[in-house]
Amino acid sequence: MPTLIAKNLCKSFGGHHVLQNVNFELSAPGIVALIGPNGAGKTTLLNILTGFLSPDAGHCALEHQEITHLPPHKIVQLGAARTFQDLRLIRQVSVLENVLLARPHQRGESLIYALLRFGVAKQEKRNRQVVMELLRFVGLQKMSRNLGSELSYGQQKLLSLACCLATEAKVLLLDEPVAGVNPNLGSKILELMLQLRNEGKLIVFIEHDIQAVRQIADCVMVMDAGKIITQGTPTEILSQSKIMEVYLD
Amino acid sequence: MEYLFHILILSSIYTILSVSLSLVAGHIGILSVAHAGFYGIGAYTSALLTIHLGCPFLLGVLLGMMITAVVSLFISIPSLRLHEDYFVIATFGFQIILFSIFNNWIDLTRGPLGIFGIPQPSILGWKIGSDIDFLIVTVIWTACTCGIVYRLVTSPYGRVLRGIREDEVFTQAMGKNTLWFKVSALALSAGLASSAGSLYAHYITYIDPSSFTVMESILIISMVIIGGADSLWGPIIGAVILVTLPELLRFIGIKSAMAANLRQMFYGLLLVIMMIVKPSGLLGRYRFK
């Protein structure tokens, strides 16, 4: 049973066709790499799948639930969370608070419960434990009290991954998770992605680093000019010298 | 002594206004210029209900808060989807509309003539007749307002508000319905401002539209900015400073007409100095974008 489905997705901006009839069916667990040249439509596709953009035509579904025109928060609640290429975080608050923000079903987020505090402290304590576990998982437990701005770029990428995980989403859509990160942290992020795949998650990630794609992807989808032009295993796709030359060099 | 009580009562009423505005301005980072309008709705609702229907004071206050919260939805639901700058302009327009209603709906508000003879309140048989009684009521009410805002901003609800302030897209991506949080916070903020209006109407026993102009909104915003928008004590300090310091002008023998103009200049000068010296306000950390 496919976890994430896109059917005939189309999107254009001012007459420029950014996505043209994009189709795919992806099942969890798995790691899918989305590659292609700049302007191919990869991030637009991610924005549509996560509700930050609406498609002009076509639809998408998450575990058989239509998500095409749902707002971003609904899609996260249904089980698909994302990170951003430009690393969106709240840098003025602590690492712990960043991840706590992402926890779902928080009683204290209701106006009435926030005022009356029935059961809020207990749930908050439990959430803090879960968040500390997640920070331990990504290796940031010692920095839980640091401000987001005090982390290095690579650590911020780890933090954004922890935030994504805190939503309890089954599908993770990661926009360039290792771009600009030093090799050690990059390897760590890739290891974590493999571990998450083994825990049953579906990970779709945009990446320009072919080594990273080769290392962890189960499937590679190549996009160009708003279309998925080919897909297959990394060995099949990355051995095609034409693709390597045209789209990735 | 009466004069001192009067200043303390006004400081308390303005503290309610500034603390309630800080909930949206300081913690979400959206500036509403319609706060005086919400303040006015509370004052008119409470006054009219008490005069025409003999409504008890507390019921009048609560109904005023509810009506104001509902009215705030007319501005928040359509305009909170806009970019922050456009939201400020939309609230400015809304403030003008509310002022026009206070000024021109003669049958209801008596327009510029205002409503006089608003009865002094009584709570559960306690007639609040003297200034000291009124001071006790306003201080308790102010403490409750501060308590409500403090509980909200230190809860997970407040965490989402700060998330929206710092990065709304990230907060949405973490599964939060940011529009709902903004709408609900503005409704609560408007409701609290309305309660300050009710207190003002029953204290002064006379209201007219001139108390609820856009200049009043700017005064409240100044209190929040000067004190520090994202702290609890900041808006309190801001309100006390802007209510009490201009009163000093009275003691240096300036004519009252000139003192009124000087007061406006004083507010402006204070704002300019703060923006240069400490843009985040006396006790705040957040700077408006």
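Just so it is clear: chains get the letters A, B, ... in the order the sequence lines come, proteins before strands, and each one is counted from 1. Keep in mind that this is a model prediction, so the values were computed, not measured.
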Are W180(B) and H73(A) close enough that some pair of their side-chain heavy atoms sits under 4.5 Å apart?
no
What one should report as the nearest heavy-atom pair of I90(A) and G163(B) is CD1-CA, 3.2 Å
In this structure, are over 12 heavy atoms from other groups packed under 6.0 Å from Y153(A) atom OH?
yes
Please look at P72(A) and chain B and tell me whether the side chain, the backbone, both or neither of the residue comes under 4.5 angstrom of a heavy atom of that chain.
both
F52(A) versus chain B, the contacting section by heavy-atom distance below 4.5 Å
side chain
Side chain / backbone / both / neither for L100(A) at chain B, heavy atoms under 4.5 Å
both
Between CZ of F170(B) and CG of L87(A), what distance do you get to the nearest 0.5 Å?
10.0 Å
For chain A, find which of L188(B), T178(B), V169(B), I148(B) contributes the most heavy-atom pairs closer than 4.5 angstrom.
V169(B)
Around atom CZ of F92(B), are there more than 12 heavy atoms of other residues, nucleotides or ligands at under 6.0 Å?
no
Can we say E166(B) and R91(A) salt-bridge, meaning some charged N sits less than 4.0 Å from an Asp/Glu carboxylate O?
no
Output, in order, the C-alpha distance, side-chain angles, deciding distance and verdict of side chain to side chain contact (heavy atoms under 4.5 Å, CB included) for R159(B) and E124(A).
CA-CA 12 Å; R159(B) 184 160 57 219; E124(A) 184 76 355; 2.8 Å; yes
At a 4.5 Å cut-off on heavy atoms, which part of T167(A) comes close to chain B: side chain, backbone, both, or neither?
side chain
Do the side-chain N and O atoms of R88(A) and T171(B) include a donor-acceptor pair separated by under 3.5 angstrom?
no
For E97(A), is it the side chain, the backbone, both, or neither that has a heavy atom closer than 4.5 Å to a heavy atom of chain B?
both
Does NE2 belonging to H64(A) count more than 12 external heavy atoms closer than 6.0 Å?
yes
Region of T154(B) in contact with chain A, defined by heavy-atom distances below 4.5 Å:
both
Kindly give the heavy-atom pair with the smallest separation between S184(B) and L111(A), and that separation in Å.
CB-CD2, 4.2 Å
Quick one: closest heavy-atom pair of A173(B) and R82(A), and the distance?
CB-CG, 4.4 Å
Among the listed options N177(B), L152(B), L161(B), the residue most often paired with chain A at heavy-atom distances under 4.5 Å
N177(B)
Above 12 or not: heavy atoms from other molecules or residues under 6.0 Å from CE of M66(B)?
no
Could you check whether any side-chain N or O of R151(B) sits under 3.5 Å from a backbone N or O of L115(A), counting only pairs where one atom can act as donor and the other as acceptor?
yes
Check S155(B) against A114(A) and note the closest heavy-atom contact, atom names and distance.
OG-CB, 3.4 Å
Neighbour count >12 (heavy atoms, 6.0 Å) for atom NZ, K122(A):
no
Residue among C163(A), P71(A), A121(A) with most heavy-atom pairs under 4.5 Å to chain B:
C163(A)
Please find the pair of heavy atoms, one from V120(A) and one from P156(B), that lie closest to each other, and give the distance.
CG1-CD, 4.0 Å
For chain B, find which of L78(A), L89(A), V93(A) contributes the most heavy-atom pairs closer than 4.5 angstrom.
L89(A)
Option that, when pairs with chain B are counted at under 4.5 Å, heavy atom only, ranks first among R103(A), K74(A), Q77(A), Q106(A)
Q106(A)
